[in-house]
Each structure stands twice: as C-alpha cells, then as structure tokens.
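Contents: one structure, followed by commentary.
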There are 2 protein chains.
Amino acid sequence: MVKNKAQISSETEQRILEAARQEFIRFGYDGTSIQQIADIAHINKSLVHYYFRSKDRLFDKIFVQAFQSFVPKIEEVFTSDIPITEIIERIIGNYIDLLKENSFLPAFILHEINQHPDRIYELMHAGRANPVIFLKHIQAEIEKGVLRPVDPRHLFINIIALCLFPFIGRPLLQRIFFKGDQPAYDQFLEERKKEITQFVIQAICIKI
Amino acid sequence: MVKNKAQISSETEQRILEAARQEFIRFGYDGTSIQQIADIAHINKSLVHYYFRSKDRLFDKIFVQAFQSFVPKIEEVFTSDIPITEIIERIIGNYIDLLKENSFLPAFILHEINQHPDRIYELMHAGRANPVIFLKHIQAEIEKGVLRPVDPRHLFINIIALCLFPFIGRPLLQRIFFKGDQPAYDQFLEERKKEITQFVIQAICIKI
DNA sequence: GTCTATATCGGGATAGAC
DNA sequence: GTCTATCCCGATATAGAC
C-alpha cells in the first residue's frame, strides 16, 4: 500500500491497533502477548511486527494515546465565567462519565506509570497534564474570599482521587458494598457525581 | 529440618519470603521472576520450588499477607468515645503513616485485584475488609445531628481515596508538582494529613 | 537442604515463500 | 501484505547428584 504524507493506515493496521488497545488496557504490557493481540485482530502474529516492528513500539502508540484520554480536560470548563461551584460540578460529572466509558483506563495508566516512571518524561510533552489554569483559578477565588484557604494542589489531587478511586478499586468495592452486583455499582457511581460534588463544595466554600 | 506444629521455618525460607515480598510488591506477579527472587535471597533458583512448590503458591502467601496490611485498621480507633472529628483525624494520620512505610503496597494490591478479581473471595475470609463499624458510627452521628446526611459508604470510599491516591499516582504527581523532587513530595504527604482531615471534616460536619 | 542439569513451554522476533 | 517456519531466549518446573 502506498503511504502518502497523510499516512492513511490500512484496515489491518487499524484492527491491530484496536485489538492492542483493548488488550493492553485490560491486561497491561506484561499481561498481553502479541499472539493474544493477533487473535483478536484476526490476523497473523508476524503482521504485528510487519506494521509496528516490536511490541514496545506498538505499546508506546497505545500508551500515549490512552494517557491523553486519561487526563481530565479541565480547561474547556473555564471558558465561560460561571461560579466555581458549577465548574467543579462539571469537572466531576464529565470525568466520571469519561471513566465510565473506559473503566480500565485508570488502573492501566497508573500501573504502567509506576512500572516505567521514566516514560512520563516523553508524555509531559505529548499530553498536557497541566493543572495550572485550575490552580490559579482556585487561588483567585480564595483571595476573593469565596473559598477557604486550601492548598490548590491538594484540592486538585482530592478531586481527581475522588473520581478515580472507585474505578481502580472497583473489584474490591463492588464486592464489599454490593456483593458483586454490577448494575448496582454502576448506579452507585452515578449517584457519586452529586455526592462528591456536594462533598467538595461543602469542604471548600465559606458558609454564609 | 524437623517441622513441629509451630511450623518454625528455616532461615532460608524466611529469606525467600522476604525477597519475594519485596519483589512482588514492587514489580507485581508478572513482573517478577523466580530467578530475581533467588538472586536477592542469595540462594539457588530451585530452592524456591523446594520450599513453595510453585510461583503461584509463593505469591499467594505474599499476597494474603500484603492485603491484610493494606486494609486500614479502623476498628481500634473506635474503642474510646472520642468525637468523630478526632476519629477521622486518627484514621487518616494512621493510614498515611502506614502507607509511607509501604509506598508500593496500594498500587500492587489494586493492580493484582484488577487482574485476578476472583482472588478476592479467598481474601474476604482471611482479612476483615469490613467497614461496617465505621458505617454504623457515621449513621449514628448523622441521626444525632452532628453530621450532614451523607451516604456513609461514599464517605468511607472518599477517605480511603484521599489517602491512597497520592501513593498510587506518585510518579505522576511528584513530577507535575515538584519536578520529581522526592523529599519535597514526602513533605507534601506529611502536610496532607492535616489538609485532608480538614477537608473531610468541613465537608461533613454541620456548622454551628 | 542445596546444588547442577535438563525438560518443557511460551514469548518476541526474523527469514523467506507466496 | 500475508502467511509458515524457524530461531532464540527466558521462564517455570522437575530429576537427580551430593
């Protein structure tokens, strides 16, 4: 196949990428074999090498892409000048929705980052994991007297933690609180949007 | 060696266990080889099989034990009848201290549980991952009018999430907020005790 | 109990036919 | 582009000498 500048990839290449994403995100780098990917893509093992040369290179492609979708898109919420409470509500709602569509993403990213911390350096360029807009906004609200004087960095981490953890700990939590009942846990996650939005707002807003 | 009922294990066995714990917790099941464990224990590869028959059986021993130390010991804080705010402060302080001593424990447990959710069934008997005492206490405080009507399950998850996440996400967070500076991040974790204690208390206590 | 040697398997990767 | 055959290596596990 002729590769133009636009680099239009063949259908086979696409199928491999899709299979790889599925398997890597679910089972991690070590837990996924090339054979496994080939089976799901319904192609031959060696085609993976033909298109991507090595397991590492294929993984990198998947990982960078996955990492970008893992970083909560916070900036866009700040475009309009709505009150901080609503900003937080939207960040939480959007992020939990995103994670519901990609349940295994958090555990995958966090595990691989713990195993290969060096890889982060590359990522910092690719994806913009930059919470600076959020931090400044919070700082401004504190100075306006709307928010209690919390450390914006801790607050940022708190919000992410509250959203992510139910997904990372799902197998455990679903069993403890719902005896393994999946729909019940999904419902619980949905309720969680309001619950933690309230939780955060009560924690940081100055009461009148 | 004669094995009495007390099952006194040889020094070699101990060294293998210690090496296995270290490596499994750091690199996970898939990321750890028997050779690796043998090297650290300064013994021969096949001795691992002699003492534990298989990698799986050795891993199980480590995992059950690690899981128990991963579960926050909440009950003991409830013995005395101190105010709920102080209970929460102690839970958070104790748990973060525990995790500081075992930085890799959360990522390890959560990863392995996501990869082998079935294993949880065995664990539920061994360790008591039972937050029921906490839940009831919270419920009682709500009815007394001390706390806002929050869902105790969410509150429980929130507290754990706030404590755990900085450890699971450490490589990422340390890089984003401190350019990789470890002592600075350790300091940050220490401050975090007070910060999230305040955060939680503000979130749930009814103001006077 | 501890070692060496070996069996067996699966994984990633390459060569080459078509 | 796609397949088969093959190489090479590392991993778990076992057999057997000491």
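Here is the naming used below: chain letters follow the sequence lines, and residue numbers restart at 1 for every chain.
More than 12 heavy atoms of other shown residues, nucleotides or ligands fall within 6.0 angstrom of atom NZ in Lys100(A). Heavy atoms of other residues, nucleotides or ligands lying less than 6.0 angstrom from NZ of Lys61(B) number 12 at most.
For Tyr51(A), whose side chain is taken as the heavy atoms from C-beta onward, the closest listed nucleotide among dG12(C), dT12(D), dT2(D) is dT2(D).
A straight line from CZ of Phe52(B) to P of dT14(D) spans 15 Å, rounded to a whole angstrom. We find that CZ of Phe27(B) is positioned 13 Å from P of dA11(D), with the value rounded to whole Å. Rounded to an integer number of Å, the gap from Ile37(B) CD1 to dA13(D) P is 11 Å. Note: CD (Gln36(A)) to C1' (dG12(C)) measures 14 Å, nearest angstrom. Between Asp56(A) atom CG and dG11(C) atom C1' there is a gap of 13 Å when expressed in whole angstrom units. Atom CD1 of Ile34(A) is separated from atom C1' of dG10(D) by 15 Å (rounded to the nearest Å). Rounding to whole angstrom units, CZ of residue Arg53(A) and P of dT14(C) are separated by 7 Å. We find that CG of Asp30(B) is positioned 14 Å from C1' of dG10(D), with the value rounded to whole Å.
Side-chain contact between Leu58(A) and Phe24(A): present, with at least one pair of heavy atoms (C-beta onward) separated by less than 4.5 Å.
A ring-centre distance under 6.0 Å is found for Phe188(B) and His154(A).
A distance-only check finds a donor-acceptor pair linking the side chain of Lys55(A) to the backbone of Thr32(A) [under 3.5 Å].
Using a 4.0 Å cut-off between a side-chain N of Lys or Arg and a carboxylate O of Asp or Glu, Arg170(B) and Asp186(B) qualify as a salt bridge. Taking a cutoff of 4.0 Å between a charged side-chain nitrogen and a carboxylate oxygen, Arg15(A) and Glu18(A) do not qualify as a salt bridge.
For Ser54(A) and dG12(C), the shortest distance from a side-chain N or O to OP1 or OP2 is not below 4.0 Å. Between Tyr50(B) and dT14(D), a side-chain N or O to OP1/OP2 separation shorter than 4.0 Å is absent.
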Just the atom pairs and distances: protein N or O near nucleotides 3-7 of chain C's N or O, under 3.5 Å.
from   : atom 1 : to       : atom 2 : distance (Å)
dC3(C) : OP2    : Asn44(B) : N      : 3.2
dT4(C) : OP2    : Asn44(B) : ND2    : 3.1
dT4(C) : O4     : Ser46(B) : OG     : 3.2

